[in-house]
Student: 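Starting off with a structure, shown below.
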Amino acid sequence: MVNKIIETVKEAGKIILSAHNQESSITAKEGKKNFVTKYDVAVQEFLFKELGKAFPEAEFVGEEGENDFSINGLRFIIDPIDGTTNFMQDYRCSCISVALCNENDVIAGVVYNPYTNEIFSAEKGKGAYLNGERITVSERPLSDGLALFGTSPYHPENTDDTFALLRKVFDFSRDIRRSGSAAYDICMVACGRCEVFFEKGLQPWDIAAGTLIITEAGGIVSNYEGQAISFSTPNDVVFANPEAYKEFRTLL
Ligand code: IPD
Ligand code: CA
Ligand code: CA
């Protein structure tokens, strides 16, 4: 099952790699931070069409347009380009994120960074992989590790909280990093390069695939209250290795 998703996502990655004049391909804009380009739409359309042929029984929820969160049966939750601002500026750190969910479970997840040709994948109960090699979270504590964060850029009401927490995390850890793609950040924790990722107000399509990948890699996922996250509402999320998770919660 996951191999078919990987194959399709890799094909979709070619649309991202062949893009040009990304900044002039903007089709919608909300405020000065939230953009949609024709490529976001093209990648989503390609994935809906090709995955729809391979999984005719599944429904689709995607960032660009069709996001009916009342669907709860077998469904794909898709972010066609996670890191659109990076993409527009050719910063070359954006991912395709595809999760196959059933009720509250993610049963398969794929995150693909076409610029680095890294494909992160997991099937429920079968471990997590980077380009076919098994991955696990690190054993590094946050006090000796790196923390990743998102700025919650489309929700200015979160800015003060985000930067207040970031200040504490910066003091506590080795250093902090901001990639601009939440899906990639989660995978960086899943493969042990970093210890924690946190951000307020992330949407189900940002995190659904990453949630399974990091869980299968031995990591922990929760909202800021320590509860399971929801795939039908935005979430304030933390993804971490078990030791770093405990430390992070003392900073909240
Ligand atoms: C965004 C990216 C970014 C995160 C935002 C997300 P988009 O997704 O993941 O890193 O900070 O909260 O919305 O809009 O580029 O798909
Ligand atoms: Ca996103
Ligand atoms: Ca997106």
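When a residue number appears, it is its place in the shown sequence, counting from 1. Numbering of ligands and ligand atoms starts at 1, following listing order.
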Student: Please work out, at 4.0 Å between heavy atoms, whether the side chain, the backbone, both, or neither of Asn86 comes within that distance of ligand 1.
Tutor: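 Near ligand 1, Asn86 shows nothing, with every heavy atom at 4.0 Å or more.
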Student: Flag Ser152 as yes when one of its N or O atoms lies below 3.5 Å from any N or O atom of ligand 1, and as no otherwise.
Tutor: no
Student: Considering only heavy atoms of Gly180, which atoms of ligand 1 have at least one such atom less than 4.0 Å away?
Tutor: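 What qualifies from ligand 1 is 2 (C), 3 (C), 10 (O).
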Student: Where do Glu63 and Asp79 come nearest, in terms of heavy atoms and distance?
Tutor: OE1-OD1, 3.1 Å
Student: Checking only N/O/S atoms, does Asp82 have one that is under 3.0 Å from the Ca ion (ligand 3)?
Tutor: no
Student: Nearest protein heavy-atom contact for atom 8 (O) of ligand 1: which residue, which atom, what distance?
Tutor: Asp82 OD1, 3.0 Å
Student: Tell me whether Ile81 shares a hydrophobic cluster with Tyr154, the cluster being built from Ile, Leu, Val, Met, Phe, Trp, Tyr side chains joined at under 4.5 Å.
Tutor: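 No, Ile81 and Tyr154 fall in different hydrophobic clusters.
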Student: Specify whether Phe198 and Phe248 have parallel, tilted or perpendicular ring planes, treating 30° as the upper limit for parallel and 60° as the lower limit for perpendicular.
Tutor: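 Because their plane-to-plane angle lies in the 30° to 60° range, the rings of Phe198 and Phe248 count as tilted.
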Student: State whether Glu7 and Lys10 are salt-bridged, where the test is any N-O pair (Lys NZ or Arg NE/NH1/NH2 against Asp/Glu carboxylate O) under 4.0 Å.
Tutor: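 Salt bridge absent between Glu7 and Lys10.
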Student: Can you tell me if, anywhere in Val36, an N/O/S atom lies at a distance from the Ca ion (ligand 3) that is smaller than 3.0 Å?
Tutor: no
Student: Could you confirm whether Asp40 has any N/O/S atom lying under 3.0 Å from the Ca ion (ligand 3)?
Tutor: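 Short answer: no, not a single N, O or S atom is under the cut-off.
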Student: Check ligand 1 against Arg178 and write out every atom of the ligand that is under 4.0 Å from a heavy-atom position of the residue.
Tutor: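 Taking each heavy atom of Arg178 in turn, ligand 1 has 3 (C), 4 (C), 10 (O), 11 (O) under 4.0 Å.
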Student: Which of the atoms in ligand 1, numbered in the order shown and given with their element, are less than 4.0 Å from a heavy-atom of Glu199?
Tutor: 4 (C), 5 (C), 11 (O), 12 (O)
Student: Same cluster for Phe35 and Tyr91 if Ile/Leu/Val/Met/Phe/Trp/Tyr side chains link at under 4.5 Å?
Tutor: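 Per the 4.5 Å side-chain linkage, Phe35 and Tyr91 are not co-clustered.
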Student: How far apart are the closest heavy atoms of Ile207 and Thr211, and which atoms are they?
Tutor: O-OG1, 2.7 Å
Student: Of the side chain and backbone of Ser181, name the one, both, or neither that has a heavy atom under 4.0 Å from an atom of ligand 1.
Tutor: backbone
Student: Examine all N, O or S atoms of Asp206, backbone included, and report whether one is under 3.0 Å from the Ca ion (ligand 2).
Tutor: yes
Student: Pick one of side chain, backbone, both or neither for how Asn34 approaches ligand 1, counting any non-hydrogen atom pair under 4.0 Å.
Tutor: neither
Student: Where on Tyr154 is there a heavy atom closer than 4.0 Å to ligand 1, on the side chain, on the backbone, on both, or on neither?
Tutor: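 It is the side chain that gets close, since no backbone atom is under 4.0 Å.
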Student: Are Tyr129 and Ile213 side-chain neighbours, meaning at least one heavy-atom pair lies under 4.5 Å?
Tutor: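 Heavy-atom side-chain distance check fails, nothing below 4.5 Å.
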Student: Going by the order shown, which atoms of ligand 1 are within less than 4.0 Å of some heavy atom of Asp79?
Tutor: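 Within the 4.0 Å cut-off of Asp79, ligand 1 contributes 16 (O).
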Student: Report the part of Ile81 (side chain from C-beta onward, or backbone N, CA, C, O) that has a heavy atom under 4.0 Å from ligand 1; answer both or neither where that applies.
Tutor: backbone
Student: With carbon and hydrogen excluded and only N/O/S kept, which atom of Asp79 is nearest the Ca ion (ligand 2)?
Tutor: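 Atom name returned: OD2.
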Student: Which pair of non-hydrogen atoms, one from Ala122 and one from Val2, has the smallest distance, and what is that distance?
Tutor: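 Closest heavy-atom pair between Ala122 and Val2: O-CG2, 3.9 Å.
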Student: For Glu63 and ligand 1, answer yes if some heavy atom of the residue is under 4.0 Å from a ligand atom, otherwise no.
Tutor: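 Judged by the 4.0 Å heavy-atom criterion, Glu63 does count as contacting ligand 1.
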Student: Below 4.0 angstrom from a heavy atom of Leu202, which ligand 1 atoms are there? Numbered from 1 as shown, please.
Tutor: 12 (O)
Student: Check the pair Asn86 / Ser94 against side chain to side chain donor-acceptor pair (under 3.5 Å), numbers first and verdict last.
Tutor: CA-CA 6 Å; Asn86 285 349; Ser94 306; 4.8 Å; no
Student: Are the side chains of Ile5 and Phe55 in contact, using a 4.5 Å heavy-atom criterion?
Tutor: yes
Student: Write the atom name of the N, O or S atom in Glu63 that is nearest the Ca ion (ligand 3).
Tutor: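 So the atom name we want here is OE1.
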Student: Is there a chain of hydrophobic side chains (I, L, V, M, F, W, Y, each step under 4.5 Å between heavy atoms) that links Tyr245 to Leu146?
Tutor: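 No, no single cluster joins them.
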